[in-house]
Amino acid sequence: MKLVVLVENHWLDSRLQAEHGLALYVEKDGFRLLFDTGQTHLFLDNAKTLGIDLSRLDAVAFSHNHYDHCGGFLSLAKQGYPACPVYAHTGFFRRKWWDHSLDDAEADTYENTMELVGPVMTPDYFFQNGYPGFRMISADVFELAEDIYLLGNFPTERGEEVPHPSSTMELDPDTFVPDQFRDEQVCVIRTKKGLVVLTGCTHNGIMNILNAVEQRFPGETIYAIFGGTHLVQSKEPRISHTIDYMNAKNLAFAGVCHCTGPDAIALFAEHVSAYVETGAGFIWSDEM
C-alpha cells in the first residue's frame, strides 16, 4: 500500500501548495483511490507536480460533504474525468451550516451568522454532468476492492466526543438541528501489518470511530491512522483522553492532521510516540 497526501493545511514539500482541506491518494495492489478532493484545484496541481496521473483512478470517495473535502471535485470534473465510480454515504446531500453564534465567544469566528459549509453540489449534479458512476452507500461496511473498505453509520457519540453545537444541518430552509454527521465515512485498508484507517474529519469522534472499526473487523488490529480528528475546538481534557487512547492502541503511525488543530497536533507530537508529521507531499508505504 502507498499513501500520498495531495493537499492539506500545510505542505511538507516546498514544490506544493496548501489549503484548508484534505485529499489523500492511495494505491493498493493496482487499485487507485482518491479519498476526498480538498477545497479547490490545488490537489490536482500537486498531483501533477508529484507525477500522479489522476485520470487512471479506479474510485473516488468522499469522507463527508463539507466543502474542504469535496469542493475540489468540481475542478477534477472539469478535467474530463473521473471515468470511475464516485462514492458518498447516505445523507451526503443534506445542506450543512456552521452557526457562528455557537462558537466559543473568544474565538475569532464568533459572530451572529451562519455559514453554508456544504455540499458544493446538488443531488442532480452527477447525473446532469454525465457521471453515471455516482453511488450512495448505506451499509456499515462497503467493500471497494479486495482489502479496501468504506465504513459509515457510526454510533451517535455522546459526552466529550459529541459533535460541536456549531455544526448544524438543514431539515428545511427554516429548520436547523445539530448535525449528527450521518454522511461521514472512513476508509479502512487491510495490510499484512494490520488495518490502516484514513479519516476526513471524524466529527463523530475519533475514539468512537476507531472503536467501531475494531468491532467491524474483529480480531484485527489498527496499525496506522492518517487524517483529521476534529480536535480543533476541543479543550485540553478531551485532547489528553484522545492521546491516552492512541497510546493504548500501540499504533505504529498516527498521522493526525487537518482539523486536528495546531494545539492538539503539538500535544500529539510531544506525547504520542506513533505521531508522524503529515501534510501535502507526505508519502507513506506499509513497507516503512
Side-chain angles (χ1 to χ4, degrees), residues 21-26 28 31-39 43 54 57-78 81-97 116-157 163 167-173 175-189 197-204 208-209 212-213 215-217 227-228 230:
L22 189 64
L24 307 177
Y25 173 78
V26 174
K28 174 77 162 67
F31 189 87
R32 302 172 181 88
L33 168 68
L34 178 63
F35 187 67
D36 282 347
T37 61
Q39 181 179 159
F43 82 99
L54 295 181
L57 290 170
D58 295 295
V60 176
F62 300 120
S63 66
H64 62 298
N65 75 2
H66 282 178
Y67 70 93
D68 52 326
H69 293 262
C70 67
F73 186 87
L74 303 182
S75 296
L76 181 68
K78 288 180 181 178
Y81 47 79
C84 66
V86 178
Y87 297 94
H89 200 77
T90 51
F92 181 82
F93 291 110
R94 186 173 294 281
R95 279 161 48 109
K96 306 291 188 72
W97 296 78
L116 182 64
V117 294
V120 300
M121 64 278 282
T122 58
D124 57 0
Y125 168 83
F126 293 93
F127 182 79
Q128 290 188 350
N129 287 277
Y131 301 119
F134 179 75
R135 298 290 185 267
M136 195 80 81
I137 298 170
S138 60
D140 292 352
V141 179
F142 179 84
E143 186 174 9
L144 272 179
E146 185 176 1
D147 293 330
I148 304 177
Y149 305 87
L150 294 174
L151 274 64
N153 299 332
F154 301 109
T156 301
E157 190 62 6
S167 297
T168 62
M169 61 184 184
E170 181 180 314
L171 295 184
D172 60 58
T175 306
F176 302 88
V177 298
D179 192 350
Q180 296 300 314
F181 291 98
R182 305 317 301 160
D183 58 316
E184 188 126 19
Q185 58 184 2
V186 302
C187 180
V188 176
I189 302 165
V197 181
L198 308 181
T199 69
C201 279
T202 63
H203 294 92
N204 305 99
N208 181 39
I209 286 175
V213 170
Q215 290 168 6
R216 296 174 191 180
F217 292 87
H230 216 271

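The residues of the chain are indexed from 1 along the displayed sequence.
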Roughly how far, to the nearest 0.5 Å, is the [atom2] atom of [Y] from the [atom1] atom of [X]?
{"X": "Cys201", "Y": "Ile209", "atom1": "SG", "atom2": "CD1", "result": "10.0 Å"}
{"X": "Ile189", "Y": "Lys28", "atom1": "CD1", "atom2": "NZ", "result": "8.0 Å"}
{"X": "Thr156", "Y": "Arg182", "atom1": "OG1", "atom2": "CZ", "result": "4.5 Å"}
{"X": "Leu150", "Y": "Tyr87", "atom1": "CG", "atom2": "OH", "result": "8.0 Å"}
{"X": "Leu151", "Y": "Ile137", "atom1": "CG", "atom2": "CD1", "result": "9.5 Å"}

Worksheet item: Checking side-chain hydrogen bond (donor to acceptor under 3.5 Å, both in side chains) against Asp179, which of Arg94, His203, Lys96 comes through?
Response: Lys96

Item to complete: Indicate the ring-plane relationship of Phe134 and Phe126, choosing parallel, tilted or perpendicular according to the 30° and 60° boundaries.
Response: parallel

Practice prompt. Give the ring-plane orientation class for His64 versus Phe181, where under 30° counts as parallel, over 60° as perpendicular and anything between as tilted.
Written response: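 If you compare the ring of His64 with that of Phe181, the planes turn out perpendicular.
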
pair [X]-[Y]: side-chain heavy atoms closer than 4.5 Å:
{"X": "Leu33", "Y": "Cys187", "value": "yes"}
{"X": "Leu54", "Y": "Tyr25", "value": "yes"}
{"X": "Phe93", "Y": "Asp183", "value": "no"}
{"X": "Arg95", "Y": "Leu116", "value": "yes"}
{"X": "Phe62", "Y": "Pro119", "value": "no"}
{"X": "Ser63", "Y": "Thr199", "value": "no"}

What heavy-atom pair brings [X] and [Y] nearest, and what distance separates the two atoms?
{"X": "Leu22", "Y": "Asp36", "value": "O-CB, 3.2 Å"}
{"X": "Phe43", "Y": "Thr37", "value": "CD2-O, 3.0 Å"}
{"X": "Phe35", "Y": "Gln185", "value": "CZ-O, 3.7 Å"}
{"X": "Ala59", "Y": "Leu144", "value": "CB-CD2, 4.4 Å"}
{"X": "Cys84", "Y": "Leu57", "value": "CB-O, 3.4 Å"}
{"X": "Thr202", "Y": "His230", "value": "OG1-N, 4.1 Å"}

Practice prompt. Decide if atom CD of Glu146 counts as having more than 12 heavy atoms of other residues, nucleotides or ligands within a radius under 6.0 Å.
Written response: no

Discussion item. Pairing donors with acceptors under 3.5 angstrom, does anything connect the side chains of His89 and Asn153?
Written reply: yes

Discussion item. Under the rule for salt bridge (Lys or Arg N to Asp or Glu O under 4.0 Å), what residues qualify as partners of Asp68, not counting sequence neighbours?
Written reply: none

Worksheet, complete the sentence: Those residues at least two apart in sequence (or on a different chain) that pass ring-ring contact (aromatic ring centres under 6.0 Å, His included) with Phe217 are Tyr149

Fill in: Check against side chain to side chain contact (heavy atoms under 4.5 Å, CB included), Tyr125 and Val120
CA-CA 10 Å; Tyr125 168 83; Val120 300; over 6 Å; no

